[in-house]
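Just so you know, these numbers use all the heavy atoms, side chains as well, and skip hydrogens, waters and symmetry mates.
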Amino acid sequence: RLELRRIDLRTGAVVAGHIIDAMDPVSLVDGAVVEIAAEFGVPSLQTAPERPASLVAYRMYEEGLRAYYRGDAMSAHRFFSAALAEDSTFAMAAFYDWQSRYWAALLGPDSNDQLARIVRLAARDGDRERLLISAMWADHVRSAALLPLADTLAIRFPLEPDGHYLLGRAYAAAGDFLRAVGFFERVVRMDSVGFGGASLRCRACDAMAEIVASYSLADSVGAAERAARRWTRLQPGAARPWVYLASQLEYQGRFEEALDARRLAMPFQPANRVDPVYPAIIAMRRGDYAAADRLLVDRLNSSSLREQRSAAWFLNIILRQ
């Protein structure tokens with residue numbers, strides 16, 4: 001039960017009163033919003049997701065989500081684009097289309113402007129969609145608005161993993177790394193099935209990456225290494241945990257162990273441009289520039305343009321140092 005009184009500050013007189021009963025705190029606050037909005041003659045905020053006027057657009061959106069969560073970024077992009085062709089004001093379709101193009105490396109130089117337009121479009125949607133899209137935008141552009149947006153999203157919609165993930169990102173950005181870890185751990189518990197690799201985005205994987213980084217930034221190198229090793233056990237058949245573990249070992253000067261961890265990552269990311277030159281990077285870490293130079297010159301003769309570019313980049317770094 002929530003009891004509210006509106007008081008005239010000049011006279012102390014009670015102008016209005018409200019008594020709201022509900023089964024949970026979120027519903028209690030929603031009920032108060034409806035009551036106060038009605039008192040002032042203001043339309044209350046929506047609490048349910050808004051669907052587009054076009055049934056075809058919604059069907060395309062659903063197909064896009066299926067493709068998105070099975071890891072097919074290009075197909076997801078095509079479905080979301082089709083939904084937007086039917087209803088150009090469909091904010092969630094626009095948001096997931098942006099996300100799909102991000103994962104498919106299709107975003108252009110105006111991607112931030114596109115995301116800002118999607119945020120403006122979301123202002124007419126339900127609270128969850130509006131908060132989610134606005135918080136994602138704030139995170140992407142490093143806005144100070146991220147903390148209040150993510151906090152509101154996590155409180156209003158506690159079963160939405162992105163709210164807790166973004167709240168962790170907000171605290172990490174503010175330098176409160178250990179507090180951030182608690183929110184990332186909550187995401188790992190909520191999205192443990194993500195480690196199976198069946199979806200385009202694994203929130204639990206993103207959260208584990210943030211946990212390792214947060215401990216590292218808090219100068220807790222041992223905790224960062226333990227978190228990375230835990231991640232390799234949770235997701236042994238993926239490259240990312242081994243790459244993060246290699247980095248933590250590298251920072252500690254344990255170069256042979258770092259090379260071993262990176263070798264375990266290589267089969268899972270055959271197109272990664274850093275893997276072929278990683279032994280040269282380790283040689284640079286050791287201060288053995290002659291060995292690094294030899295390794296990189298060999299890579300300049302590779303048939304892969306990607307490897308040639310990567311080798312040239314690190315050769316430049318050697319010359320600078």
How many angstroms lie between atom [atom1] of [X] and atom [atom2] of [Y], to the nearest 0.5 angstrom?
| X | Y | atom1 | atom2 | answer |
| --- | --- | --- | --- | --- |
| Leu167 | Phe184 | CG | CZ | 9.0 Å |
| Leu234 | Ser192 | CG | OG | 9.0 Å |
| Asp113 | Asp110 | CG | CG | 6.0 Å |
| Ser100 | Asp72 | OG | CG | 9.0 Å |
| Met190 | Leu159 | CE | CG | 5.5 Å |

Any ring-ring contact (aromatic ring centres under 6.0 Å, His included) pairs touching residues 109-152, not counting sequence neighbours?
Trp98-His140

Between [X] and [Y], is there a shared hydrophobic cluster once you connect ILVMFWY residues whose side-chain heavy atoms come closer than 4.5 Å?
| X | Y | value |
| --- | --- | --- |
| Ile318 | Ile281 | yes |
| Trp313 | Leu295 | no |
| Leu146 | Phe95 | yes |
| Leu115 | Tyr102 | yes |
| Leu107 | Val119 | yes |

Residue pairs fulfilling side chain to side chain donor-acceptor pair (under 3.5 Å) with at least one residue in residues 236-252, sequence neighbours excluded
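The answer is Asp206-Arg240, Glu225-Gln252, Glu250-Tyr278, Glu250-Arg285, Gln252-Arg254.
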
Which heavy-atom pair separates [X] from [Y] by the least distance, and what is that distance?
| X | Y | answer |
| --- | --- | --- |
| Ile118 | Ala94 | CD1-O, 3.3 Å |
| Val243 | Ala265 | CG2-CB, 3.8 Å |
| Gly64 | Ala76 | O-CB, 3.6 Å |
| Leu153 | Arg128 | CD1-O, 4.1 Å |
| Arg262 | Ala246 | N-CB, 4.0 Å |
| Ala204 | Asp191 | N-OD2, 3.0 Å |

Report the C-alpha distance between Leu2 and His18 in whole Å, list the side-chain angles of each, state the deciding distance to 0.1 Å, and finish with yes or no for side-chain contact (heavy atoms from CB on, under 4.5 Å).
CA-CA 8 Å; Leu2 178 63; His18 301 279; over 6 Å; no

In plain terms, say whether Glu63 and Arg66 are close enough for a salt bridge, that is, a side-chain N and a carboxylate O under 4.0 Å apart.
yes

Please examine the side chains of [Y] and [X], heavy atoms only from C-beta on, and report whether any two atoms are closer than 4.5 Å.
| X | Y | answer |
| --- | --- | --- |
| Leu264 | Leu245 | no |
| Ile36 | Leu4 | yes |
| Val297 | Arg294 | no |
| Gln308 | Leu305 | yes |
| Arg286 | Phe255 | yes |
| Asp260 | Leu249 | no |
| Arg230 | Val188 | yes |
| Met74 | Leu106 | yes |

Counterpart residues, ring pair (Phe, Tyr, Trp, His ring centres under 6.0 Å), relative to Phe183 (two or more places apart):
Tyr171

Inspect the surroundings of CZ in Arg59 and state if more than 12 heavy atoms from other residues, nucleotides or ligands are less than 6.0 Å away.
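No.
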
Take atom OH of Tyr215 as the centre, draw a 6.0 Å sphere, and report whether it contains more than 12 heavy atoms from other residues, nucleotides or ligands.
no

Go through it in stages, so that I can follow the logic: the residues are Asp97 and His77, the test is side-chain contact (heavy atoms from CB on, under 4.5 Å), and I'd like the CA-CA distance, side-chain angles, deciding distance and then a yes or no.
CA-CA 5 Å; Asp97 184 50; His77 165 52; 2.6 Å; yes

Stepwise side-chain contact (heavy atoms from CB on, under 4.5 Å) check, Arg203 with Tyr165:
CA-CA 8 Å; Arg203 290 180 179 86; Tyr165 175 77; over 6 Å; no

Which ILVMFWY residues can you reach from Val15 by hopping between side chains whose heavy atoms are under 4.5 Å apart?
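For Val15, no cluster forms, as it stays isolated from other hydrophobic side chains.
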
Fellow cluster residues of Leu217, listed by chain then number, with links counted only when side-chain atoms sit under 4.5 Å apart:
Phe177

Please work out whether the ring planes of Tyr61 and Phe90 are parallel, tilted or perpendicular, with thresholds of 30° and 60°.
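The arrangement is tilted - the two ring planes meet at 30° to 60°.
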
Do Trp231 and Gln235 have side-chain N/O donor and acceptor atoms under 3.5 Å apart?
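Judged by distance alone, the side chains do pair up.
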
Side-chain donor-acceptor contact under 3.5 Å, Ser75 with Arg78
yes

Evaluate side-chain contact (heavy atoms from CB on, under 4.5 Å) for Phe157 paired with Asp127, printing each intermediate quantity in order.
CA-CA 9 Å; Phe157 303 97; Asp127 284 359; 4.0 Å; yes

Please collect all salt bridge (charged side-chain N to carboxylate O under 4.0 Å, His left out) contacts where either partner lies in residues 297-312, sequence neighbours excluded, each pair once.
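Checked against salt bridge (charged side-chain N to carboxylate O under 4.0 Å, His left out) - neighbours excluded - the pairs reaching residues 297-312 are Arg299-Glu307.
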
Just by modelled atom types, is the Arg229 backbone N or O under 3.5 Å from a matching donor or acceptor in the Thr232 side chain?
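At least one qualifying donor-acceptor pair exists.
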
